[in-house]
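Small disclaimer: the values here were computed from a predicted structure and weren't measured.
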Amino acid sequence: MKLMTLVKLALQAIRKNKMRATLTMLGIIIGVAAVIVMVAVGYGARSRIKEQINNLGTNMIVITPGASTQGGVSQGAQAFATLTIDDVTKVRAEAQYVTAISPVVVSRMQVVTPQGNWRTAINGVDTDYQTIRNWAAADGAFFGPDDVRSSRTVAVLGRTVAQRLFADNEPVGQEVQIGNVPFTIVGVLAPKGQTASGTDSDDVILVPYTTASTRLSGKPRIPQIIASAGSAQDIPAAQDEVRALVREAHHLTQNDDDDFTVKNQNELADAAASSTNVMTLLMAAIASISLLVGGIGIMNIMLVSVTERTREIGIRLAIGARGSDVLTQFLVESIVMGVIGGAIGLLTGVIGAKVLGHFTGWETAISPLIMVVSIGFSGAVGVFFGYYPARKAAALNPIEALRYE
Amino acid sequence: MDDVVIQTNALTKTYESGSNSVHALRGIDLTVHRGEFIAVMGTSGSGKSTLMNVLGCLDTPTSGNYLLDGVHIETLDKNQLAAIRNEKIGFVFQGFNLLARTSALENVELPLLYDRSGRKRDTKAMAIAALGRVGLGDRLNHQPSELSGGQQQRVAIARALVTEPALVLADEPTGNLDSRTSIEVMALFQALNEQGITVVLVTHEPDVAVYAKRIVEVRDGRIRRDAPVKNRHNAAEDLAAAELLPDDDLVAGPSAADAAAGGGASTEKAAAVSSGERSVA
Ligand SMILES: Nc1ncnc2c1ncn2[C@@H]1O[C@H](COP(=O)(O)OP(=O)(O)OP(=O)(O)O)[C@@H](O)[C@H]1O
Ligand SMILES: [Mg+2]
């Protein structure tokens with residue numbers, strides 16, 4: 001029999017028992033829909049994280065205190081102590097592949113203007129910061145090397161802070177109180193959007209790191225040093241160089257482990273993205289259990305179907321069908337059932353992902369590959385779980401099948 | 001030996017059911033020539049169906065030889081038997097055995113779809129032609145549930161014919177039909193036989209057997225009698241005669257005329273059959 005005839009036959013058989021077929025396919029439908037939604041959300045999350053981390057800066061290298069990091073996040077406040085301004089100075093003076101470097105001195109404080117007040121992150125940075133992060137002032141100007149050298153009380157506002165504190169007024173030239181210290185606003189940064197972890201990048205005030213450590217926090221703790229390699233190809237060399245120089249600055253002997261970590265932008269992106277992998281894996285497990293249950297459902301119904309249609313099988317054998325013809329017929333039927341279930345599941349999943357994305361604001365992405373794979377897998381479930389019932393049908397003896405009541 | 005369709009030699013069939021075994025066939029020697037029309041008769045349980053199933057390659061004999069159209073059937077495997085059933089034999093059952101919820105056309109087309117010779121044929125046109133031969137050219141898209149018993153049996157006969165088999169086997173093809181419809185079906189078998197198709201059918205009813213050319217009587221798994229039908233009836237003539245019977249002993253109006261004709265036919269035929277029976281014996 002031709003494949004088209006077999007598929008037509010299978011569709012007829014399924015149509016004769018619509019309700020039953022639908023219920024049977026439910027397991028596959030749910031399984032595939034779950035896979036599609038999970039993969040869509042996971043893929044969307046990963047691509048967003050990567051994009052955001054790439055948005056962080058150009059050819060960026062990040063040095064964090066502490067020997068090891070997990071998921072790109074440094075652990076414990078006590079680890080902060082290991083990085084110093086001397087490290088920055090040394091790398092800047094001696095490194096060949098590093099074109100820009102800046103410490104990031106972080107604190108959170110209440111900031112006040114006559115128009116309002118706001119609690120935000122105060123980052124003490126060097127002038128290189130704008131190069132590394134590719135983040136220039138949109139209004140006014142970034143502070144200059146003089147301001148850093150002299151620890152001047154000048155500030156550059158992130159877009160969000162500017163809006164919170166000044167609404168529609170022009171902030172440049174005005175004053176802002178940061179922890180009771182008055183700062184002159186010299187510029188407002190271009191908007192940058194959300195970070196990988198979903199916080200607002202523009203909710204920040206940049207001040208010279210010298211000012212930050214002397215006038216604000218008082219403790220020169222540096223949770224992060226960022227640097228730029230000259231080009232993308234230079235990144236590995238720059239990383240090695242930075243590592244060697246910081247080890248030297250920390251007087252580490254050959255036997256000592258690093259008390260800091262050097263990562264590049266891509267590694268950060270991968271690390272952050274991998275945190276979503278666990279989630280994806282869990283969902284995949286749920287989905288595969290659902291597919292398994294769906295497959296067993298198909299097997300069950302096909303067994304019932306073979307018994308119900310014993311006479312039909314007998315008739316087919318009597319007029320010259322071979323066992324293999326009957327086997328193929330039932331196998332095609334279970335494959336068609338699997339594929340239809342997969343297609344409905346795919347559709348449900350795509351719609352589900354869109355709806356979920358709409359209501360949560362998560363970005364979702366559905367690759368054509370996953371569509372093909374999920375349909376293919378549903379078909380494979382049909383083959384796997386349909387084979388046994390189909391073989392049972394094919395093994396029937398024509399006379400006994402015809403006599404079956 | 002060219003024109004021999006069936007030749008069996010000491011064919012036996014034993015059913016093993018638990019501890020006791022049933023000897024359904026105890027040595028059948030039967031030769032059927034091309035163009036013959038045989039009625040197999042015998043009491044219930046005598047082994048007629050068993051014989052038909054073996055002849056139809058639906059079942060395998062326990063021992064003995066069976067030569068069908070020059071092929072030694074006992075040497076064939078399952079798939080080869082399927083091919084024989086498909087190409088050389090048309091089988092008609094008492095219970096019609098049509099696929100439910102499948103049109104007459106598709107039912108008749110089915111054997112052609114299992115053909116493995118790979119030749120390109122217009123299977124649909126062949127099925128339509130076969131249905132035309134049994135007088136159902138206007139019922140192509142009817143499902144079995146939308147057809148009368150006689151029409152269903154004619155669809156089944158069309159299905160048996162569509163592959164142009166060497167042999168048509170029928171196990172009590174009229175068993176589920178009233179007498180008038182039985183004669184119609186027998187008329188069809190006679191017409192097909194006239195066209196050169198070899199027919200072997202099983203029947204309990206002597207008034208059906210008279211339309212055959214030869215009667216083989218089976219008893220206890222053996223052939224007890226094998227003789228030509230002397231006073232052979234022509235089913236088409238019997239039908240025509242039945243149409244002409246007056247309906248004056250019936251009160252009903254014109255709508256009952258058909259029923260009257262049917263009833264008349266069966267009485268007429270019963271008389272015809274008793275004479276046929278005598279001639280066989
Ligand atoms: N599958 C089977 N298993 C065991 N015994 C069987 C089987 N089929 C038939 N028989 C036995 O074989 C014998 C012949 O049966 P068969 O069906 O050939 O009779 P038959 O002549 O066709 O009878 P009827 O006129 O009632 O149809 C019977 O005794 C029957 O009980
Ligand atoms: Mg019988």
Practice task
Kindly indicate whether the side chain of Arg322(A), heavy atoms from C-beta on, has any atom under 4.5 Å from the side chain of Gln80(B).
Solution key: no
If one checks every heavy atom of Glu106(B) against chain A at 4.5 Å, the contacting part turns out to be side chain
Between Tyr114(B) and Gly320(A) the two heavy atoms that sit nearest each other are CB-O, 4.0 Å
Under 4.5 Å to a heavy atom of chain B? For Gln12(A) that would be side chain
Practice task
Could you tell me whether the side chain of Arg101(B) reaches within less than 4.5 Å of the side chain of Arg15(A), counting heavy atoms only?
Solution key: no
Whatever's closer than 4.5 Å to a heavy atom in chain B on Lys2(A) counts as neither
All heavy atoms of Ala82(B) vs all of Ala321(A), minimum pair found to be CB-O, 3.7 Å
SG (Cys57(B)) and CD1 (Ile399(A)) are apart, to the nearest 0.5 Å, by 11.0 Å
**OP:** Using a cut-off of 6.0 Å, state whether more than 12 heavy atoms not belonging to Lys124(B) lie near its atom NZ.
**Re:** no
If one checks every heavy atom of Ala160(B) against chain A at 4.5 Å, the contacting part turns out to be neither
Note: Pro398(A) and Leu58(B) closest approach over all heavy atoms is CG-O, 3.6 Å
What one should report as the nearest heavy-atom pair of Ile315(A) and Arg159(B) is CG2-NH1, 3.5 Å
May I ask you to say whether Asp325(A) pairs ionically with Arg116(B), meaning some side-chain N is under 4.0 Å from a carboxylate O? yes
Residues Ile319(A) and Asn86(B): closest non-hydrogen pair is O-ND2, 3.0 Å
Under 6.0 Å from the OH atom of Tyr388(A), do we count more than 12 heavy atoms belonging to anything else shown? no
Nearest heavy-atom approach of Leu402(A) to Asn97(B) is CD2-ND2, 3.3 Å
If one checks every heavy atom of Leu98(B) against chain A at 4.5 Å, the contacting part turns out to be backbone
Donor-acceptor contact present, side-chain Arg85(B) to main-chain Leu317(A), <3.5 Å = yes
Any heavy-atom pair between the side chains of Arg403(A) and Asn53(B) that's under 4.5 Å? yes
